[in-house]
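Just so we're clear, the structure is a prediction, and the values are computed from it rather than from any experiment.
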Amino acid sequence: MSDTSLRGKVAIIGIGLSAVGKVPGRSPLSLAAEAAANALADAGVAKSEVDGVLSSHAFASPFHRFSVAFSEYFGIRPTFSNTLQVSGATAATMFSIGAAAIHGGLAKVVLLVAADSLMTGLTPDLALRSLTESRDQQYEMPFGIPVANTFAMTAHRHMREFGTTPEQLAEVAVMHRRHAARTPGAQQTMPITAADVLNSPMVTTPYHKLDCSLISDGGAAFVLTSAEHARALGIGRPIYILGCGECYTHEHIFLMPSLTTTGAVESSRRAYVMAGYRPSDMDVAGIYDCFTGTVIMMLEDLGFCRKGEGGPFVADGQMSYGGQIPSNTHGGLLSFAHSGMPGALFHFHEVIAQLRGQCGQRQVENAGLGLVHSLGAGFATNATTILGTEGTL
């Protein structure tokens, strides 16, 4: 391990959410400010102490420099700031860049914050744009290929190569809904069966409506500082960034090296090496779940089961309580909420809360190590973060 490794150098000392789901009359800035205020209160840190801000774009907001607009709205003047955009992988990259900025002396207290209003803040034109604008302007966007179709291609190939079934996909959605039922504030908590999923309207084969993530309003925020400063502040339960890794394999879906093996293999390998742990050491995970088939592929690529075995792994209950790796215990993007690029931050909030032991009836017993993986743009962008309690250092 190199001397420049980020392992254990940076602590997460505050977490916060805004209201999620359908939150009418609230702008992305307002939701971001609510989440940020909750995170700072959780950390016991005044907003005047924040000297770094990282955020993502918001589809329902016109600001290209969302981090700067947020700082103005929130009443702070950071000396380190950036608005990141690598689609759904932005969440995990925020943690690695924030940690690097602290370790490199660019900031002392960094606020990670993102929010959007996809459910109530988008006009029909903006909603269509949000589904297509990340596609190639010359070859893909003119023909209207939306995000769902690119992910559907990978699911079809996985089903053909490994025999993954629609019923196994449906079990992913059922499990997420079961987890959401234990989570206060989750957007969807009504129990569903595999038959419900398979009988819901078809969106793009093989995905039915209930195979697809929600559309939501909401935001999340986190306070990061050095391990030394966390100790000086007397933080009771800091959670440490132990490892992080990223991988960017392609831009166009037709140039994806493999439709069934993704950059998550490399991003997680790098994170495991930095952390000094293996997949089998993880106690809890947050796995990007924009579609049910995505979860099955990620379980394989993150090392929790062998390639091609993700479907049976889910069907056997291995990603729920009592299984090998309890995942998305809040309900994930499929049932808790999905407000676009901030969506994967909800996974971070849940895994950190699990490592703190704050999850009540959905608590994973003795959770000390957690993994969060976020991805985007038809698997083009992948980022993995490994988190741990003080006992894992």
ask   = Does I287 share a hydrophobic cluster with L214, counting links as ILVMFWY side-chain heavy atoms below 4.5 Å and allowing steps through other members?
value = no

note = For N38 and G16 the tightest heavy-atom approach is CB-CA, 3.9 Å

Side-chain heavy-atom pair M319, Q324 within 4.5 angstrom cut-off = no

query = Can you hop from V45 to I235 via hydrophobic side chains spaced under 4.5 Å?
reply = yes

ask   = Is the F63 to F70 ring centre distance short of 6.0 Å?
value = no

message = Quick check: H330 with H349 (ring centres under 6.0 Å apart)?
response = no

ask   = Does the side chain of D217 come within less than 4.5 Å of S339's, by heavy atoms?
value = no

ask   = Does the S117 side chain pair with the main chain of R26, one donor and one acceptor, at a distance under 3.5 Å?
value = yes

Contact check, side chains of Q188 and F336, non-hydrogen atoms, under 4.5 Å = no

query = Considering only heavy atoms from C-beta outward, does the side chain of H179 approach that of T183 to under 4.5 Å?
reply = no

inquiry  = Looking at every heavy atom in both P342 and G218, which two are closest together, and how far apart are they?
reply    = CB-O, 4.4 Å

inquiry  = One thing to verify: whether K108 and E49 come together as a salt bridge, which I'm taking to mean a side-chain N less than 4.0 angstrom from a carboxylate O.
reply    = no

inquiry  = Going by side chain to side chain donor-acceptor pair (under 3.5 Å), S267 matches just one of T384, N382, T381. Which one?
reply    = T384

Minimal non-hydrogen separation, S5 against H103, with atom names = O-NE2, 4.3 Å

query = Salt bridge or not for R356 and D42, using N-O below 4.0 Å?
reply = yes

ask   = To the nearest 0.5 Å, how far apart are CG in D289 and CE in M298?
value = 11.5 Å

query = So, for T392 and T389, which heavy atoms are closest and what is the spacing to 0.1 Å?
reply = OG1-O, 2.7 Å

inquiry  = Check this for me: E167, atom CD, are more than 12 non-hydrogen atoms of other residues, nucleotides or ligands nearer than 6.0 Å?
reply    = yes

query = Looking only at heavy atoms, what is the nearest atom pair of T260 and E161, with distance?
reply = OG1-OE1, 3.4 Å

key: Intermediate values then yes/no, side chain to side chain donor-acceptor pair (under 3.5 Å), E300 and H158   = CA-CA 11 Å; E300 299 166 352; H158 198 278; 2.9 Å; yes

message = Regarding E390 and R237, does a basic nitrogen lie under 4.0 Å from an acidic carboxylate oxygen?
response = no

query = Between H156 and T205, is any side-chain donor less than 3.5 angstrom from a side-chain acceptor?
reply = yes

E309 and R306, any side-chain heavy atoms less than 4.5 Å apart = yes

message = Using ring centroids (six-membered ring only for Trp), state whether H373 and Y288 fall under 6.0 Å.
response = no

key: R270, CZ: over 12 other non-hydrogen atoms inside 6.0 angstrom   = no

query = Are V364 and L355 in one and the same hydrophobic cluster, where Ile, Leu, Val, Met, Phe, Trp and Tyr link if side-chain heavy atoms are under 4.5 Å apart?
reply = yes

request  = Calculate, to the nearest 0.5 Å, the distance between atoms OH and CG belonging to Y272 and L242 respectively.
outcome  = 12.5 Å

query = Would you call S213 and C290 a side-chain contact if the rule is heavy atoms closer than 4.5 Å?
reply = yes

ask   = Side chains of I97 and L54: does their closest heavy-atom pair fall under 4.5 Å?
value = yes

query = Taking the inter-plane angle between the rings of Y207 and F291 on a 0 to 90° scale, is it parallel (under 30°), tilted (30 to 60°) or perpendicular (over 60°)?
reply = parallel

Single-linkage hydrophobic cluster, 4.5 Å side-chain cutoff, I13 and I76 together = yes

Side chain N199, main chain A195, donor-acceptor under 3.5 Å = yes

key: Spacing of OG1 belonging to T294 relative to CG belonging to L299, to within rounding of 0.5 Å   = 11.0 Å

request  = Spell out, as yes or no, whether a donor-acceptor pair under 3.5 Å connects the side chain of D51 to the backbone of V109.
outcome  = yes

query = Rounded to the nearest 0.5 Å, how far does CG of L198 lie from CG of L169?
reply = 8.5 Å

key: Short N-O contact, D301 and K307, less than 4.0 angstrom   = yes

task = Find out whether the Lys NZ or Arg CZ of R7 is both under 6.0 angstrom from the six-membered ring centre of Y240 and within 45° of the ring's axis.
result = no

ask   = When you look at N82 and S67, which way does the side chain to side chain donor-acceptor pair (under 3.5 Å) test go after all the steps?
value = CA-CA 6 Å; N82 212 325; S67 65; 5.8 Å; no

query = When rounded to the nearest 0.5 angstrom, what distance separates CG in D211 from OG in S200?
reply = 6.5 Å

query = Of Q363, R362, E350, which is the lone residue that meets side chain to side chain donor-acceptor pair (under 3.5 Å) with T329?
reply = E350

ask   = Taking everything shown except E228 itself, do over 12 heavy atoms lie less than 6.0 Å from its CD?
value = yes

inquiry  = Taking the ring of F346 and the ring of H338, is the distance between their centroids below 6.0 Å?
reply    = no

request  = Decide yes or no on side chain to side chain contact (heavy atoms under 4.5 Å, CB included) for K9 and I102, but give the supporting numbers first.
outcome  = CA-CA 9 Å; K9 303 291 178 58; I102 291 167; over 6 Å; no

query = Looking at NE2 of H176 and CG of L334, how far apart are the two atoms once the value is rounded to the nearest 0.5 Å?
reply = 5.0 Å

P257 side chain near H250 side chain, heavy-atom distance below 4.5 Å = yes

Side chain to side chain donor-acceptor pair (under 3.5 Å) assessment of Q187 paired with S216 = CA-CA 8 Å; Q187 186 174 341; S216 316; 2.5 Å; yes

key: Ring centers of F348, F95 separated by less than 6.0 Å   = yes

note = Here the pair of heavy atoms bringing E266 nearest to C247 is CB-SG, 3.8 Å

message = Applying side chain to side chain contact (heavy atoms under 4.5 Å, CB included) to F66 and S61, what does each step give before you reach the verdict?
response = CA-CA 8 Å; F66 191 89; S61 165; 3.9 Å; yes

task = I would like to know whether I12 and I241 meet side chain to side chain contact (heavy atoms under 4.5 Å, CB included); could you show each step before the answer?
result = CA-CA 8 Å; I12 303 159; I241 296 174; 4.2 Å; yes

task = Apply the test side chain to side chain contact (heavy atoms under 4.5 Å, CB included) to residues V23 and L31: give CA-CA distance (whole Å), side-chain angles for both, the deciding distance (0.1 Å), then the verdict.
result = CA-CA 9 Å; V23 192; L31 293 169; 4.1 Å; yes

query = Are M94 and I352 connected, step by step, through hydrophobic side chains (Ile, Leu, Val, Met, Phe, Trp, Tyr) whose heavy atoms are closer than 4.5 Å?
reply = yes

